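Remarks on the structure that follows.
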Amino acid sequence: MIPSRIIEAKREGRELSTRELQDFLGGYLAGDIPDYQMAAFLMAVVFQGLTPAELDTMVDLMLHSGSVLDHSHLPAAAVDKHSTGGVGDKVSIVLAPLVAELGLFVPMMSGRALGHSGGTLDKLESIPGFRTDLPLDEFSAVLERLGCAMIGQTREIAPLDERLYTLRDATGTVPAIPLISASIMSKKLAEGVRGLALDIKVGGGAFLPEVDRALELAQTMVGIGEARGVRCTALLTAMDRPLGRAVGNALEMAEAIDCLKGEGPADLIDVTVALAAEMLVLGEWCEDRTEAASAARELLASGGALDRFRRLVEAQGGDPTVVDDPSLLPSASVRETVYATATGLVQAISPRPLGYGVIELGGGRTRLGQDIDASVGFTLAVSVGDSVKAGDALGVVHASDQAGAARGAVILGEAVELGDDDAPPCLPLVSHRVTSAGVEELMEAG
Ligand code: URA
């Protein structure tokens with residue numbers, strides 16, 4: 001195989017054979033194909049896409065690049081959820097202990113920050129000592145004991161996704177339906193779950209902002225899972241504004257802990273409950289989504305999943321006292337409040353600039369493997385539609401120095417758009433439900 005010929009073929013839109021994909025992707029994993037050739041290939045896929053046959057091959061190669069887990073010995077179903085990525089999305093941290101507390105098993109494999117979107121692994125690692133690289137035997141032991149465990153792709157499980165994911169983050173090759181689908185579905189299928197809830201973000205902070213592209217992504221991923229015997233449901237959820245009020249790793253961890261105490265923001269609770277209900281039905285915990293949602297909501301409101309999260313943190317090497325005292329999480333040395341310069345209504349809060357803002361403040365990566373500062377980010381004091389007076393606080397920048405705080409203040413001030421008119425309608429928080437049976441529209445824009 002001549003790697004540049006594979007890249008050229010994809011660049012010209014020719015369908016690659018199974019053998020060509022095996023050689024190219026396998027060669028990359030074995031270290032025979034360098035990052036620069038893989039980056040060129042990925043960029044060709046961003047522009048040319050993959051045919052259904054190529055996508056199937058890529059999913060299978062990525063899925064079988066490491067171990068595939070089997071949880072059939074567990075006394076209840078193993079289920080999971082994955083999001084396509086957004087800003088302020090800390091749902092996984094709340095959802096895993098919540099669904100485990102209700103009796104199902106959640107063997108969750110997550111990712112790091114990708115492009116402008118945050119990553120669950122980086123948020124978890126903001127807890128001092130928390131290990132997301134457990135070997136598989138330890139991962140399985142924590143899962144059996146606590147009903148949930150949270151790790152990243154490793155050399156043992158989904159290693160090809162681990163390599164491609166990191167490379168895509170640094171090379172602008174994230175937003176492509178086949179690459180997102182293969183990345184998510186390969187690692188989730190490797191977890192050996194019976195059911196999978198997919199959170200497909202839609203709106204300006206999503207990798208694919210338009211509803212029709214988000215629906216195509218949802219249908220593609222559901223199709224991949226169902227064809228391999230895993231029941232899948234996808235919800236389209238709003239990412240035209242950040243989810244919750246905190247953006248940045250440690251800040252989001254603190255907000256997730258609040259949510260587990262029953263004190264989270266309403267949008268974060270609603271998305272978490274909707275996804276929990278899907279997981280509970282997929283795992284045959286009950287048949288009725290409304291009943292499942294009520295159980296999840298009640299448990300969350302009572303703080304009943306908090307202790308499971310505390311034990312999970314401890315089991316994975318983290319300091320469990322942060323769960324009771326989130327002030328022990330890394331905190332930024334400079335905090336600057338940003339004030340409204342005019343009176344008006346909040347028209348929009350753009351998620352993408354805030355996501356990139358976290359990277360600029362040092363909380364995300366600009367090159368492979370870079371260390372990050374977990375403490376930096378933004379906390380919002382307003383929501384879309386709020387009325388503010390000149391001088392009211394719009395939010396707080398958390399930065400490591402004065403220059404970062406000044407830059408963050410500009411970013412936050414620009415992300416929160418004020419105007420005199422009524423705010424235009426936001427996307428519904430949960431707008432569509434996609435299963436193998438088709439697409440169901442849930443709510444009109446409001
Ligand atoms: N999450 C993933 O795991 N992979 C992607 O490509 C996007 C979001």
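The first residue of the sequence shown is numbered 1, and numbering continues consecutively from there. Indexing begins at 1, ligand by ligand and atom by atom, following the structure's order. Quick caveat, the model's predicted, so the values are computed rather than measured.
Between L215 and the choices L236, T220, I200, the side-chain contact (heavy atoms from CB on, under 4.5 Å) rule is met once, by L236.
Cation-pi contact between R163 and Y28: present, with separation from the ring centre below 6.0 Å and deviation from the ring axis of at most 45°.
Of the protein's heavy atoms, S183 OG, 2.7 Å lies nearest to atom 4 (N) of ligand 1. The protein atom (non-hydrogen) at minimum distance from atom 1 (N) of ligand 1 is H82 NE2, 3.3 Å. At the top of the distance list for atom 7 (C) of ligand 1, counting protein heavy atoms only, stands L114 CD2, 3.4 Å. Closest to atom 3 (O) of ligand 1, if we only count protein heavy atoms, is K187 NZ, 2.5 Å. From the protein, the heavy atom lying nearest to atom 8 (C) of ligand 1 is T84 O, 3.4 Å.
Not counting sequence neighbours, the partners of D23 by the salt bridge (charged side-chain N to carboxylate O under 4.0 Å, His left out) test are R19. In this view, E278 and R289, R433 satisfy the salt bridge (charged side-chain N to carboxylate O under 4.0 Å, His left out) rule, not counting sequence neighbours.
Side-chain N/O atoms of S83 and D89 include a donor and acceptor closer than 3.5 Å. For the residue pair T154/D133, the side-chain donor-acceptor check at 3.5 Å is not satisfied.
With a 4.0 Å cut-off on non-hydrogen atoms, D161 does not touch ligand 1 at all.
At least one heavy atom of I184 sits less than 4.0 Å from an atom of ligand 1.
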